[in-house]
Amino acid sequence: MKTHVDSGNSILQISMESQENTSANSIKSRPINQRKRLSPAQRRKQITQEAVTLITQYGSYGFPMQALADAVGMTLPGLNHYVKNREELLSLVIETFYDSEESNAPTTLGATINHCDQSDSATKECRHLPSALHETVCFNAKRPELVALFMRLAIEASDPQHPAHEFYQNRHGSILTDMTSVDWELPEEYRDPERLHDLIVTAFFAMDGVQIQSLTNPNESMMQLWERAERILFPSPTWDGYR
């Protein structure tokens, strides 16, 4: 009987050792960290892309930061290394995806300006100012959550300590400079630099105003409001053939 028990114990012990060795080999063969190593710039871009997805689904304050950390495969302390808090994250999203030509959306204002400024390859139609602005408003109309975020941060960023303060402080001037530098196809009377400058300033401010009004006016969409503005900014027959 004793021999039988010992034999059973030996078999059990061998079986357990075999399982442990198999488990150990399995662990050794599996990389501890399978996450692709990214540069700091690549990681911040990944974070902003995932943040946009979450903002679109849940709103700018509708998801925990842990959800964003999970989406990019990081711990919360690791995420905090790139963005210290939600306000800094939202500022990063705006800087990267609202006007920037670096975003993947070709109809952001920055991307539109950059493309139209390539006068050697751009068609005359591309360099029509009304069309470029129309496409930008059309794109923004499809992402109202980011528009609302942009407007709210614009007010908060009046505080010099806000993470987005410098971005908003410089935004109008930099975009105005870029827009006036494009070789637009224009009616004769708007080829005067001073008159073109005044038109672009007015159009640019009108775009922001339309976006604000569309968030508070349930009766008209952003595009309907912009089409009203277009009739004043680019009237017929002056702009016929330049749209």
Side-chain angles (χ1 to χ4, degrees), residues 51-63 90-91 93-101 103-116 125-158 164 167-168 171-176 178-180 182 184-187 189-190 195-243:
V52 166
T53 299
L54 291 172
I55 288 170
T56 301
Q57 291 179 337
Y58 304 109
S60 55
Y61 286 86
F63 63 93
L90 298 179
S91 299
V93 167
I94 286 299
E95 291 181 28
T96 306
F97 285 92
Y98 197 79
D99 291 324
S100 176
E101 64 192 66
S103 73
N104 293 326
T107 47
T108 58
L109 188 53
T112 299
I113 293 170
N114 181 63
H115 183 55
C116 291
E125 288 74 17
C126 168
R127 289 184 281 118
H128 286 173
L129 178 61
S131 176
L133 297 178
H134 185 95
E135 289 301 315
T136 300
V137 176
C138 183
F139 178 69
N140 283 340
K142 298 175 182 177
R143 50 178 192 169
E145 179 60 40
L146 282 184
V147 171
L149 173 60
F150 177 87
M151 295 302 172
R152 186 177 69 249
L153 285 180
I155 297 172
E156 295 175 358
S158 60
F167 167 77
Y168 281 97
R171 176 177 179 263
H172 284 212
S174 62
I175 289 183
L176 181 59
D178 291 341
M179 290 185 73
T180 53
V182 174
W184 301 108
E185 290 288 323
L186 300 166
E189 60 194 274
Y190 285 96
R195 186 159 190 184
L196 175 61
H197 178 276
D198 289 345
L199 174 64
I200 289 177
V201 168
T202 304
F204 184 40
F205 294 161
M207 287 176 69
D208 280 353
V210 160
Q211 292 179 159
I212 293 174
Q213 188 170 346
S214 69
L215 297 173
T216 57
N217 179 5
N219 298 319
E220 291 186 287
S221 69
M222 190 182 299
M223 289 311 301
Q224 288 173 323
L225 290 167
W226 180 248
E227 287 165 3
R228 286 180 179 276
E230 284 180 314
R231 292 196 289 269
I232 304 300
L233 293 167
F234 309 110
S236 294
T238 303
W239 285 87
D240 291 350
Y242 297 95
R243 299 181 190 282

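Because only heavy atoms are used, hydrogens play no part in the values below, and waters and symmetry mates are left out as well, while side chains stay in.
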First locate atom [atom1] of [X], then atom [atom2] of [Y], and finally report the distance between them rounded to the nearest 0.5 Å.
X	Y	atom1	atom2	answer
I200	D178	CD1	CG	10.5 Å
M222	M207	CE	CE	9.5 Å
H172	I175	NE2	CD1	7.5 Å
T96	I94	OG1	CD1	9.5 Å
W226	T136	CH2	OG1	9.0 Å
L133	R243	CG	CZ	12.0 Å

Next item on the list: Could you tell me whether the side chain of S131 and the main chain of R127 form a donor-acceptor pair under 3.5 Å?
Entry: no

Can you see which heavy atom on [X] is nearest to which on [Y], and at what distance?
X	Y	answer
S91	A164	OG-CB, 3.3 Å
P235	I232	CD-O, 3.6 Å
A141	M223	CB-CG, 4.2 Å

Next item on the list: Verify the ring-centre separation between W184 and Y242: is it less than 6.0 angstrom?
Entry: no

Atom pairs and distances, donor-acceptor, side-chain atoms in residues 144-153, under 3.5 Å, two or more places apart:
| residue | atom | partner | partner atom | Å |
| --- | --- | --- | --- | --- |
| E145 | OE2 | S60 | N | 3.3 |
| R152 | NH2 | S60 | OG | 2.9 |

Notebook entry, point to check: Does any pair with a residue in residues 206-220 pass salt bridge (Lys or Arg N to Asp or Glu O under 4.0 Å), and if so which ones, sequence neighbours excluded?
Noted result: R171-D208, E220-R228

Margin query: Going by ring pair (Phe, Tyr, Trp, His ring centres under 6.0 Å), name the residues that satisfy it together with Y58, two or more places apart in sequence or in a different chain.
Written below: none

Do [X] and [Y] touch side chain to side chain, with heavy atoms closer than 4.5 Å?
X	Y	value
L90	Y61	yes
L233	W239	no
L199	L129	yes

Next item on the list: Walk me through it: do V137 and L225 pass the test side chain to side chain contact (heavy atoms under 4.5 Å, CB included)?
Entry: CA-CA 10 Å; V137 176; L225 290 167; over 6 Å; no

